[in-house]
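The sequence lines fix the lettering, A, B, ..., with proteins before strands; numbering per chain opens at 1.
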Amino acid sequence: MKRYNPSEVEPKWQKIWSNSSTHTAEDFSDRPKFTILTEFPYPSGTGLHMGHLREYTLGDIIARYKRANGFNVLFPMGYDAFGLPTENFAIKNKISPQIATKQNTANMRRQFDAMGCSIDWNRSFSTTDPEFYRWTQWMFLQFYRAGLAYQDEIAINWCPFCKTGLANEEVINGRHERCENLVEKKMLKQWMLRITDYAERLIDGLENVDYPARIADQQINWVGRSEGAEIDFVIASEATTAPVSSETGAGQEQSSQKTTLDPSPLSEKVVRDDNLIKVFTTRPDTIFGATFMVLAPEHPLVQKITTLEQKDEVGTYIRAVEGKSEIERQETDREKTGVPTGAYAINPATNEKIPIWIADYVLMGYGTGAIMAVPAHDERDYEFATKFNLPITEVVSGGDITKTAYLDEGTMVNSGEFNGLNSTEASKTITNWLIERGVAKRKTQYKLRDWVYSRQRYWGEPIPIIHCDKCGAVPVPEKDLPVELPAVEHYEPTDDGESPLSRIESWVKTTCPKCGKPAKRETDTMPNWAGSNWYYLRYYDAHNDKVFADPEKLKYWDMVDLYLGGMEHTTLHLLYSRFHHQFLYDQGLVPTPEPYAARRGQGIILAADGRKMSKSLGNVVDPTEIINSGYGADAARLGVTFLAPYDQTTPWSPEAVAGCYRFLTRVWNLTQQVKEKPAIKADDELLRAEHRTIKKITDDLDKMNFNTAIAGLMEYLNVLSKNPAKVSRANLETLLELLAPFAPHIASELYEQLGNQNSIETTDWPRYDENYLTDSQMTIAVQVNGKLRGEITVDTDAAQPDIERAALALDNVAKFTNDEIPAKIIYVPEKIINIVVKS
RNA sequence: GCGCGAGUGGCGGAAUUGGUAUACGCGUUCGACUUAAAAUCGAAUGGGGAAACCUGUGCGGGUUCAAGUCCCGCCUCGCGCACCA
């Protein structure tokens, strides 16, 4: 009898698969199509890691399962190779990023094959292939033409270590998500994509796709929609003589705040825009309680309105704020700071004159960079007012504003004609009142920022724009795409915010496509997310050199049916690519409004010690080592899948692989026993176990309960192993067919050893027969007053009175009922009978 | 602080829907095979108890014939967002 040796079996089948077309997806097939997309890897020098093993094993299980069910499956793979890690790796090892990428992708391809992934390699590419990024650049030009790509000089997040600008989404807790260095602010002229135009659609589109609530919620929160009003506050024009002092305090009567300003309605005034401070608020109902205003220190009006007396103090404060890091500014438990500008504004509801302060708790990046402060009903304003003795006026009753700000709804007070209204209602009424008077408009505000799309690094897609002194920014003509990255000797980033490309004069110097005069190329490159924005579409038509994909093929393949990826991409790649796709849809370039019909996120595999795997902790497990250690790919695949539900973060367990290897060995050994015996008729009990297992595995796979599916296979094997002599060939073939998606090599091999000429991949998924799911007898648990007291075995078709009689006849039941007449008997068919007695 | 999720044996984790808690795997113990070890096979394995039985799913209450599951109030951990007006 031959022993199970994965290092013999697995290469044999991997070779067979690479020479066959079993895994090739067919364009325009009559079979129903199914696209299983897994996020493509970044080809780093260290190859596939544990997360990849999990993700691609799951993808492969689904692909194989769907194929067995008659689907025309597309399981594609590519490489997301632009970006910092390769560039840093190349700099360190003094080889070009192009060569590093070639080596790394070749290595990864070997690893994919060693895992036994049933990928359609005919459709593969790297985002760094000029034939691919030609279309990435082409799509950028579509954004440009539509006015959604623009240049702007703004304070952006700058990573001083990577020496490049970053998008908002790439900053996690004030640090660059890749290198974890602290991020700074830097003024730079940047290319931006107007993702904020799609804020609403990014939220609403989620209604028509199947995403887990966690992922949808995270995206909704990231977009951060708030409904409210934008309200104009007029800057009091007269020069103020009395700077704000600590005597202007909360302890004073509110009447002391009354002003002698012209009480005529504001709408009758001719108000110039630069005499206004616009604020955004979600609580227009509290406007009568706005007792001061706060501007962000960076607010453009600060210089203009600050009085002579306050110039020094304001200047000192602004310099102090500038000296703070982003992290410091984000500390929420920091004590509030701020200074008065000496200027005043008019509260449009009360017509009262209120002081204007600056403070760094107001952020320039959100809303208008200015707020109306309502200390009675906002915690931050309350804290600020308390510290600086500013008046606190209650306008919504229900709390105790001498102690804390009151945030909930209540009855309006101190609000003129609106007194007595409920605050929620008053919010609408007051907004309308302000709108009628021409001092407000309804406004929806988003946290989402436009996408900073420029990177000052070499290893990315050049932005296909030419700058001409006369014509301005001119798109590179489509026929000249791709704008290829020039080969260079020095691609180290620079400190000055210029891309290394700017030093390659021969490449930078060009002529304007419009006027033909000398011009310069844009030297910034695209972010590493650019290729992954649309890569899935390229799988549908990977080699087309006329269009990014044939519209007919786009139509056939439609949406990605299932997209598997990391939770960490929810507010990065996943959000970006949805935006990108929605734009393409608006341009009529893709047939569906959303790219992914369903999304699932796999959990992280932690080290066995429960910590994150990391090089510095020395607890990284390399999947290739598991495969090569003698356990093989099938055991590694089972091990990582059996560990826990696929979406759960869970520690790695080397013993789980050993257990799975043992399981596979037992399957192997049982097959050796059965194949040498003459064929026998199926045993009734085993047949029922077989059909129960088919149902279990099928149900589990449909629900993506992969770990319990494997447990079900193990249970079935345990049943078969108890009676090896009774096991029929059919019993075993079903086991192999159910096992095939999980452990394809051994299943293929043993299926062949059983004498089958066809490949197990050509067999249909087993179907179960309802008739075999029930037994002639069933076991019913017997309870007395809800406590288990025994079991009875009765015929499946037994009537309830007979079951009750049998239950009552148990000695143990009689003992606990004390021979009393039961008050009640509850019978749950086929499961449990509960006898209720008093006492 | 806000949003989401989770707390079950020594460990990873099972448990349609309120219906026999701990499937499956690991580990441990005992036994078989072996000169021996490994591997393999068999048995046992939540806690207490000799047993009957009692007890047990983060904590405290509740609903129910019956609660890991439902309700109320807490605690802890993980993830995401965060001075977002």
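Comparing I780(A) and A370(A) along RNA chain B, the residue whose closest nucleotide (by nearest heavy atom) sits nearer the 5' end is I780(A).
E791(A) and T779(A) form no side-chain donor-acceptor contact under 3.5 Å, judged by distance and modelled atom types alone.
For K336(A) against C83(B), a side-chain-to-base donor-acceptor contact under 3.5 Å is present. For N221(A) against C81(B), no side-chain N or O and base N or O form a donor-acceptor pair under 3.5 Å.
Per the geometry, CD belonging to E830(A) stands 17 Å off P belonging to U16(B), to the nearest Å. Taking atom CD of residue E383(A) and atom P of nucleotide A85(B), one finds them 17 Å apart after rounding to whole Å.
Contact check, T708(A) against G13(B): no side-chain N or O comes under 4.0 Å of OP1 or OP2. For A85(B), neither phosphate oxygen OP1 nor OP2 lies less than 4.0 angstrom from any side-chain nitrogen or oxygen of Q445(A). Side-chain nitrogen and oxygen atoms of R662(A) include at least one within less than 4.0 Å of the OP1 or OP2 phosphate oxygen of C26(B). Checking the phosphate oxygens (OP1, OP2) of A14(B), a side-chain nitrogen or oxygen of N707(A) falls inside 4.0 Å. Taking 4.0 angstrom as the limit, N173(A) places none of its side-chain polar atoms (N or O) nearer than this to OP1 or OP2 of G80(B). Distances shorter than 4.0 Å separate some side-chain N or O of K815(A) from OP1 or OP2 on C53(B).
Base orientation of G9(B): syn (glycosidic angle within 90° of 0).
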